Amino acid sequence: MTGGSLGVRMWSFGTLPDINGVIPGDEKLLQSKSLVNVRKNSTKMFSGFREKERSLPLVWCRCLGCRKFSMLLLIAFALLVFVLGSLAVDKETISLNVDQQIGTLSMVLPYGNGAPSNPGASWIFGKKDKQKDENYLVANILNEDDENRFRIVGSKGASVLPSNHPCAKFTFPPPPPPNLRRIGPRPCPVCYLPVDQAIASMPSSPSASPVLQNLTYVYDENPIKTEPHGGSDFGGYPSIKQRSDSFDVKESMTVHCGFVKRSKPGLQTGFDFDESDVAELQQFQDIVVASAIFGNYDVIQQPRNISEEAKKNIPFYMFIDEETEAYIKKKSILDSSKRVGLWRIVVVRNVPYSDARRNGKVPKLLLHRIFPNVRYSIWIDGKLQLVVDPYQILEKFLWRQNANFAISRHYRRFDVFVEAEANKAAGKYDNFSIDEQVDFYKQEGLTPYSEAKFPITSDVPEGCVLIKEHIPITNLFTCLWFNEVDRFTSRDQLSFAMVRDKIMAKVDWNINMFLDCERRNFVVQTYHRDLLEQMPPPVANMIRRPPALPSMRRRTPGKRITRRRSSSRRHRKAATGNRDQFLLSTF
């Protein structure tokens, strides 16, 4: 290594060589060497600062190696991002002694359920949940020393949980940053009690029914259509006057509510069951879970996360028509026990409508007629899978709220007129019938949703789940709701608000309209059967084996080994055999 190279290395670490020093040799050589040193030094003076800045990383690189140093930098950067992200999240810990800490507050709506179609929706939805459901009363008198039960104290403008309630300190997580927000509906956290505490929270007596105490139903063996509006033999063709009178809530009432041809539903009424099924449906039950599939439209979904107490004490009923029955028998799913997993299958014969979706409205809205001796019911559409225990659902949405009817509101739309246009655009029903229904409601005083309806936060439900206590006022509501579906279109979202508002105008009663993201927490939505059948089958994972190791035989020096190459015909045969084996492995 030359002296010049040593000088450069020394200078690069801050030692300046003497350019005026004597260099032995020829004068020209001295002059040329001195000029070269000056040029080198002038260049190095500009780059010296850069090299000094890089001196510390170079030391680390020497000590640890460049690869290890790069990994340390990446780890440090990741830790920095994690710390900054953590600062943006509320660090308040939630110590809930519950099995599922999956909770909700209404303030999630602007980001948890997609953007509202009205600029004021965020303010309205947030304000609603601060003043949620006035006049909550104590649902059940509890002993103070009972550790498994919690007194729900009613206060004007809000329902206040006691301090010892496991969900009392539950808070909703903050919204994600704008660049990380996911568009579209999705579930949000809900705080459920453990199953044993939820069971202990069940009220010992029915809730009070405001004004209405005795509700009976119209019986007419030969109903006659007297007006041009729709209706059916099953519904009894109520007149416009009878319809108007049914909204005048009194202490004792008789209304149309389906099954008009016989006094006992299910026997020669147009929605008929086997006699053995009728006897079972008449039995007393605290809680039932019900669903339906008509027209072989959906695939039966088995509930998950159901407790042993619920499996023992809560029956799960699935209503199907003969077309669906034939399909599941062909698939060897249904046997003589009339059960498919947890579901007890009830076959409906002589269905009243040609439209399978309209037939599904009968058990959905008239469960209190099919189950006359049941206290509580949970209805889920056939395309949904229940993934939370029924006791926990009832405790969260009815008993804790001191409510007797609960339904989720639509995740995006909350105006009937907007919902009607969306139904027409999606081809859910013929446009003329939708327009006729909306125009009829306009004449009765229906207006677009506005702040004037507050504390009501939505006129449009997501009606695939109904949670109900069977008392006279809720039975009246679902009867009148069904009559609208029977008279007009089967799109029950269009008639919900009209029936609700007319009843609320007469009595002090309300509905717990919870967030759609809460609904998506306890049910999972699947595809209809026709879409499932169009989907390609899942691709089988082909296991690739590593190539065999070459033979370790010793070769004879100087002797060339020739390998026999397979012909193209033999190669094609082997390839075909491998393909057949792969196809067989997928089945």
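Computed from a predicted model, the values in this text were never measured in an experiment.
- Ring geometry for F234 versus F271: interplanar angle of 30 to 60°, hence tilted.
- For the pair Y317/S377, no side-chain contact is recorded, criterion being any heavy-atom separation below 4.5 Å from C-beta on.
- Of all non-hydrogen atoms in A279 and Q283, the two that sit nearest each other are O-CG, 3.6 Å.
- I380 places none of its side-chain heavy atoms less than 4.5 Å from the side chain of Q301.
- Here the CD1 atom belonging to I199 is positioned 11.0 Å from the CG atom belonging to L394, to the nearest 0.5 angstrom.
- Two residues are said to be in side-chain contact when any heavy atoms from C-beta on lie closer than 4.5 Å; P363 and W379 meet this criterion.
- Between the Q285 side chain and the I314 main chain, no donor and acceptor come within less than 3.5 Å of each other.
- Without hydrogens or angle criteria, Q493 side chain to P461 main chain gives no donor-acceptor distance under 3.5 Å.
- With S209 contributing its side chain and I471 its backbone, the two residues share no donor-acceptor pair below 3.5 Å.
- Screening F454, F496, Y449 for a ring-ring contact (aromatic ring centres under 6.0 Å, His included) with F414, the sole residue that qualifies is Y449.
- Between the side chain of E436 and the backbone N or O of T489 there is no donor-acceptor pair closer than 3.5 Å.
- Once rounded to the nearest 0.5 Å, the distance linking CH2 of W399 with CD1 of I467 reads 11.0 Å.
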Inset, instruction - Step by step, work out the side-chain contact (heavy atoms from CB on, under 4.5 Å) result for R400 and L193. - result: CA-CA 10 Å; R400 193 187 308 175; L193 284 185; 4.3 Å; yes
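- Checked by atom type, the side-chain pair Y192/N521 shows a donor-acceptor distance below 3.5 Å.
- Under the 3.5 Å distance criterion, the side-chain polar atoms of R358 are matched with a main-chain donor or acceptor of V485.
- Side-chain contact, E469 with S207: a donor N or O sits under 3.5 Å from an acceptor N or O.
- Separating the CD1 atom in I293 from the CG atom in D381 is a distance of 10.5 Å, to the nearest 0.5 Å.
- Between K506 and V211, the closest side-chain pair of non-hydrogen atoms is not below 4.5 Å.
- Taking 4.0 Å as the cut-off between side-chain N and carboxylate O, R412 and D516 do not count as a salt-bridged pair.
- Taking CG of N423 as the start and CG of L494 as the end, the distance is 5.0 Å to the nearest 0.5 Å.
- No side-chain donor from either of E395 and Y391 sits under 3.5 Å from a side-chain acceptor of the other.
- For the atom pair Q385 CD and N305 CG, the distance stands at 9.0 Å (nearest 0.5 Å).
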Inset, instruction - Output, in order, the C-alpha distance, side-chain angles, deciding distance and verdict of side-chain contact (heavy atoms from CB on, under 4.5 Å) for M513 and I407. - result: CA-CA 5 Å; M513 293 192 72; I407 187 172; 4.1 Å; yes
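- Considering every non-hydrogen atom in both H256 and G235, the closest pair reads CD2-O, 3.4 Å.
- None of D277, D274, D321 except one satisfies the salt bridge (Lys or Arg N to Asp or Glu O under 4.0 Å) rule with R349; the exception is D274.
- With rounding to the nearest 0.5 Å, the separation of CD1 in I503 from CZ in F247 is 7.0 Å.
- Using a 4.0 Å cut-off between a side-chain N of Lys or Arg and a carboxylate O of Asp or Glu, K312 and E309 do not qualify as a salt bridge.
- Checked by atom type and distance alone, the side chain of Q302 pairs as donor or acceptor with a backbone atom of L342 at under 3.5 Å.
- Shown here for H470 and V374, the closest heavy-atom pair between the two residues is CB-O, 3.3 Å.
- Q242 contributes a side-chain N or O that, together with a main-chain N or O of S239, makes up a donor-acceptor pair within less than 3.5 Å.
- A distance-only check finds a donor-acceptor pair linking the side chain of W481 to the backbone of D492 [under 3.5 Å].
- When side chains are defined from C-beta on, W509 does not count as touching L476, because their heavy atoms never get closer than 4.5 Å.
- Side-chain contact between P372 and Q282 is present, with heavy atoms from C-beta onward closer than 4.5 Å.
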Inset, instruction - In sequence, state the C-alpha distance, the side-chain angles, and the governing distance for V255 and L215, and then conclude on side-chain contact (heavy atoms from CB on, under 4.5 Å). - result: CA-CA 8 Å; V255 297; L215 181 64; 3.9 Å; yes
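- Using a 3.5 Å distance cut-off with no hydrogens or angles, the side chains of S232 and Y353 do pair a donor with an acceptor.
- Considering all non-hydrogen atoms of both residues, A310 and P390 come closest at CB-CD, 4.2 Å.
- Taking the ring centroids of Y441 and F488, they lie under the 6.0 Å cut-off.
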Inset, instruction - Just do the salt bridge (Lys or Arg N to Asp or Glu O under 4.0 Å) check on E444 and R243 with the steps written out, would you? - result: CA-CA 12 Å; E444 290 204 331; R243 175 183 178 274; 2.7 Å; yes
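- Of all non-hydrogen atoms in F482 and L365, the two that sit nearest each other are CA-CD1, 3.7 Å.
- R491 and E419 are not joined by a salt bridge, as no carboxylate oxygen comes within less than 4.0 angstrom of a charged side-chain nitrogen.
- R520 forms a cation-pi arrangement with Y411, by the criterion of a distance under 6.0 Å to the ring centre and an angle within 45° of the ring axis.
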Inset, instruction - Would you please test Y217 and N475 for side-chain contact (heavy atoms from CB on, under 4.5 Å) and show each step? - result: CA-CA 11 Å; Y217 309 108; N475 295 341; 4.2 Å; yes
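- Open room surrounds NZ on K428; 12 or fewer heavy atoms of other groups in view lie less than 6.0 Å from it.
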Output a table of donor-acceptor pairs, distance under 3.5 Å, between side-chain atoms of residues 257-265 and any protein atom two or more places apart or on a different chain; print 'none' if there are none.
{"unit_1": "R262", "atom_1": "NE", "unit_2": "Q268", "atom_2": "OE1", "d": "3.4"}
{"unit_1": "R262", "atom_1": "NH2", "unit_2": "Q268", "atom_2": "OE1", "d": "2.9"}

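- F397 is listed as a side-chain neighbour of E518, based on a closest heavy-atom distance under 4.5 Å.
- In this structure, V362 and R369 have side chains that are not in contact, with every pair of non-hydrogen atoms separated by 4.5 Å or more.
- Although no hydrogens or angles enter the test, the distance criterion places no donor-acceptor pair under 3.5 Å between the side chain of S408 and the main chain of G463.
- Looking at every heavy atom in both residues, L366 comes nearest to T478 through CD2-O, 4.2 Å.
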